[in-house]
Amino acid sequence: AAEHHDVPVRAVAAIEKLQDDLKKESPAFYKEGLVDRNRKWLPAIERALKAKQNVIILVGVAHIPGKDGLLDLLKRAGFGAEQMYGLDRP
């Protein structure tokens, strides 16, 4: 049985594969639907995070991982990220 910490790793790998497939099958949609939208959202997300208030940012899962994903864009902008768990996990 898989350990609970393996699930996020497998999920990210699956999402990145979907991103790669989309990039190959429809490069224009990949660029406009993921890359361009992430870059467009980034300034607003940065302002919200710099406001030093509690913030919830909701995006589709395909926008998060990968070299064009929001996590990487935010890391390059100097922000950190940490794994959060719900009440059902340690």
Side-chain angles (χ1 to χ4, degrees):
E3 296 291 326
H4 74 274
H5 63 275
D6 292 335
V7 174
V9 173
R10 290 194 324 263
V12 168
I15 295 163
E16 288 177 340
K17 183 184 179 327
L18 289 172
Q19 289 172 331
D20 288 342
D21 291 347
L22 179 61
K23 190 175 186 177
K24 290 174 190 168
E25 294 172 16
S26 184
F29 182 77
Y30 174 82
K31 183 181 179 301
E32 293 170 16
L34 288 175
V35 178
D36 293 349
R37 288 176 83 187
N38 287 349
R39 291 185 180 145
K40 180 180 176 183
W41 293 338
L42 190 60
I45 293 171
E46 287 180 284
R47 281 191 305 275
L49 293 173
K50 288 177 182 176
K52 305 285 186 198
Q53 298 176 356
N54 291 334
V55 176
I56 294 177
I57 299 166
L58 302 174
V59 298
V61 69
H63 291 277
I64 298 171
K67 69 179 184 70
D68 297 313
L70 287 171
L71 279 181
D72 194 58
L73 292 173
L74 288 166
K75 285 179 185 176
R76 284 188 261 153
F79 293 93
E82 69 180 83
Q83 177 70 48
M84 303 290 290
Y85 292 102
L87 295 176
D88 61 332
R89 294 191 183 173

Exercise. Is it the case that one hydrophobic cluster holds both V59 and L74, taking links as side-chain heavy atoms less than 4.5 Å apart, direct or via other members?
Worked result: yes

Exercise. Going hydrophobic residue to hydrophobic residue with side-chain gaps under 4.5 angstrom, can you get from I57 over to F79?
Worked result: yes

Problem set entry | Whether over 12 other heavy atoms sit under 6.0 Å from F29 CZ | no

Exercise. Would a 4.5 Å heavy-atom cut-off, applied to side chains only, mark D68 and K31 as touching?
Worked result: no

Exercise. In Å and rounded to the nearest 0.5 Å, what is the CG to CG distance from N38 to L34?
Worked result: 6.0 Å

Nearest heavy-atom pair of [X] and [Y]: which atoms, and what distance?
X   : Y   : answer
A77 : E46 : CB-OE2, 3.3 Å
I15 : P65 : CG2-CG, 3.5 Å
L71 : A81 : CD2-CB, 3.9 Å
V55 : A48 : CG2-O, 3.4 Å

Exercise. Please walk me through it: do I45 and L73 pass side-chain contact (heavy atoms from CB on, under 4.5 Å)?
Worked result: CA-CA 11 Å; I45 293 171; L73 292 173; over 6 Å; no

Exercise. Looking at residues at least two apart in the chain, or sitting in another chain, which of them share a side chain to side chain donor-acceptor pair (under 3.5 Å) with K17?
Worked result: D21

For this session: Indicate yes or no for a side-chain donor-acceptor contact from Q19 to the backbone of K67 under 3.5 Å, with no hydrogens or angles considered.
Result: no

Problem set entry | D20 with K24: basic N within carboxylate O range, under 4.0 Å | no

